[in-house]
Q: 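The structure follows.
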Amino acid sequence: MHQEIYLDGNATSPVFPAARDAAMAAMDTLFGNPSSTHASGVRAKAMMDEVRACAMRVLGVGDGQLAFVSGATEGIQTAVLSALCSVKAKRDQGEAVGSLLVYGATEHKAVPESLAHWNQVLGLGMELRALPVDEKGRHDLALLSEWLDQTALLCTMAANNETGVVSDLEGIERIFQAQQSTSLWLVDCVQALGKLDIVLSQTRIDYAPFSGHKLYAPKGIGMLYVRQGAPFTPLMKGGGQESGLRAGTENMVGIAALGAVLSALEAGNTFCSHAQLSRWRDRLAAALKRAFPALVFNTPFECALPTTLNFSVPGLSSKELLDLFDAAQVRVSAGSACSAAKSQPSYVLEAMGLPQWRTTSAVRMSMGPVVDDAFIDEACQRITQCGAIAQTLGRMATGQDAVPGARMPIIQFRADAVSSWLLVDPSTRSCIAVSPHVQTVDPIHQWLTRQAYRLVAVLDTGYKSTPSAQSLDLRAAHQITAQGSDDRAPLEFSGHNLVHFVTPEGAAFGLSANRAQPSTSYVFAQSVEALASLQQLGTWGEFSQSGDAATVTACLAHDPQGVFVAPSVSLVRGNTGSTKAHADTLQGADIAAFFKAHPDAQLVDVRESFEYAATQAVNETSVPAINVPLSELVGYAPQWLAKRTTPLVFVCRGGSRSAKALQTMLHLGHPNVLHIQGGLTLSGLGQ
Ligand code: PLP
């Protein structure tokens, strides 16, 4: 199996071997409580004191204080609480104090969220104000000069986690000095540690949080710097640990590991220099540009850490790029790890005023400051492979080639409870859209553009919230609406007949092969109710050559239950799917035995074709699979249903798409389907 290329260092880092060894030693021999006065405690405390002293030297803490905390979020929390409690105390004593809480518009969410939270909890009613940044991501210092005298607390990060943009802390400091400002200043130093020189005592900074897991220590350990004389209120009270700054028995395992990282930083022979990192960044950037010629970088390199690249590729969404890289075992992200699951536009890039396509398609590639030539060589090679696959995206065959003799490809575009469908004829590169919807029209447009297909007809089943095809800007020679057809004669498409029926619940369309073989047909309708009406009208036979309605697969535009496809008759009767005797999930450990016992079983990889191709490029799964993307499954259902004794085993990356494929085939009545729990990632099959 190929090496994983981990390029998501801004989200977290692996743990250094030396840090792991130190953590193990802290568990084995230095397990004492550092507050205990016996020898075990004294030894543990000595180790902790040593780590703190090293950290204080590395960060130039001077006469300030440094407390061990659980991570940067806790450090930020403590700093904000301290600053706001001091505002409250000043107000209570009738002293003048600024009414603004100013934070950089691109701060990590931990900052504005903590400000809002403690402002509300303490009932201060202060105004939170985001300090804008320019197109390079740098703070508007002119505006800061105007705001500073009304500001109680200013929060500006040292380097941004999404873009790597380094803040002009010296410029900010000059404004503090010029105005002899007494405002408090919090600088989130999480992404700067190990990458920028920090001498805290030579700055005006009041609070600086750090996080161990961004620099090769484990999660759950961090540090908070507090300037000598800066107001302080502990977030946690208790046994008085950390000189009263933070109560609770210290995370000695984390502290020991962090200690190993800090001593390496101090020794100066482990971490790469800025110049080395810049050279490697340039190599990655060049590989990316060669692989994706239209790619644009979202931050100018001269303003950013050499460890972070942020880019967008026209025509490829963040999700597609992430899926492609992930399948090639290159781990990157769309932005901050905390919001990775939300797939929203990046607020950091929005604050920089970048166009929408770049804010929604951004990818962050970030390395830690410990890399070598071999790693960068492999990363560049993998990027090249991904680029080559992306070049073929437009020409990538629909999964149709996977099953010999497969019927016309039908592609499903699904969003929440709605589905739209494209009937595709690869020989003429033309297609028909059925039930287009506001929620699905963008991906349909994207598909048409990417594949360079001609839309020859739009069939509207009349689902109530579907606007007209014109308003969706889907133009085709034939527009058939739910109310009436421009032509009731069957439409011929790709060797099939499309027949139009009007029911009280909108239109329905029957698809049947008009060639010799009497094969299964599809019906497209807006809902289960529309199908029921169609059945009452006694029209099945018109489009199902076999006349056997049970073989007709229904493709619905709207289905709150999430069935979408089903055998039409049983669906109408409310009796969908087969009842299975055996469990329908296959665990990693049982896969080999299952395929040995069922040599005819077919493994079906339901990921997108480009993901499948990327995995093939770097890795072979131990069981040969065919690739049928989930969105194209319905086109294959008839063949699979015709051979119900052949077990089908679905697999995807993590198990959710394969679970949907399983559900679909069960609904269609296949008695012999399974899916692999945890997908390629957790089953040991691949990735
Ligand atoms: N600040 C920045 C800039 C970060 O990148 C992160 C982590 O994503 C945090 C704060 C939060 O750090 P932690 O995970 O240690 O709470």
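In this chain, residues are counted from 1 in sequence order. Order of listing sets the numbers, starting from 1, for every ligand and every atom in it.
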Q: Using a 4.0 Å heavy-atom cut-off, say whether Glu74 meets ligand 1 through its side chain, its backbone, both or neither.
A: neither
Q: Using only heavy-atom distances, determine whether the side chains of Gln77 and Trp118 contain a donor-acceptor pair under 3.5 Å.
A: yes
Q: Taking the six-membered ring of Trp147 (Phe, Tyr or Trp), confirm whether the NZ or CZ of Arg129 is under 6.0 Å from its centre and within 45° of its axis.
A: yes
Q: Just to be sure I read this right, does ligand 1 sit under 4.0 Å from the backbone of Thr73, its side chain, both, or neither, counting only heavy atoms?
A: both
Q: Looking at Glu170 and Arg204, does any basic side-chain N land under 4.0 Å from a carboxylate oxygen?
A: no
Q: Are Asp206 and Arg227 ion-paired here, with the side-chain N under 4.0 Å from a carboxylate O?
A: yes
Q: Less than 4.0 Å is my threshold; does some heavy atom of Glu107 fall inside it relative to ligand 1?
A: no
Q: Which residue pairs pass the ring pair (Phe, Tyr, Trp, His ring centres under 6.0 Å) test when at least one of the two sits in residues 252-281, sequence neighbours left out?
A: Phe16-Phe271
Q: Just which atoms of ligand 1 are under 4.0 Å from any heavy atom in His213?
A: 13 (P), 14 (O), 15 (O)
Q: What part of Ala110, side chain, backbone, both or neither, has a heavy atom within less than 4.0 angstrom of ligand 1?
A: neither
Q: Output the list of atoms in ligand 1 that are nearer than 4.0 Å to some heavy atom of Ser211, sorted by atom number.
A: 13 (P), 15 (O)
Q: Which atoms of ligand 1 are found less than 4.0 Å from any heavy atom of Gly71?
A: 15 (O)
Q: Asn10 to ligand 1: N or O pair under 3.5 Å?
A: no
Q: Taking both backbone and side-chain atoms of Met157, is any N or O found less than 3.5 Å from an N or O belonging to ligand 1?
A: no
Q: Does Lys219 approach ligand 1 within less than 4.0 angstrom via side chain, backbone, both or neither, non-hydrogen atoms only?
A: neither
Q: Using only heavy-atom distances, determine whether the side chains of Trp185 and Thr156 contain a donor-acceptor pair under 3.5 Å.
A: yes
Q: Quick one: which of Asp188, Asn161, Val69 has a heavy atom closest to atom 2 (C) of ligand 1?
A: Asp188
Q: With no hydrogens and no angle check, do the side chains of Ser181 and Asp149 hold a donor and an acceptor under 3.5 Å apart?
A: no
Q: Going by atom type alone, with no hydrogens or angles, which donor-acceptor pairs under 3.5 Å involve a side-chain atom of residues 53-63 and a protein atom two or more places apart or on another chain?
A:
from, atom 1, to, atom 2, distance (Å)
Arg57, NE, Glu266, OE2, 2.6
Arg57, NH2, Glu266, OE1, 3.1

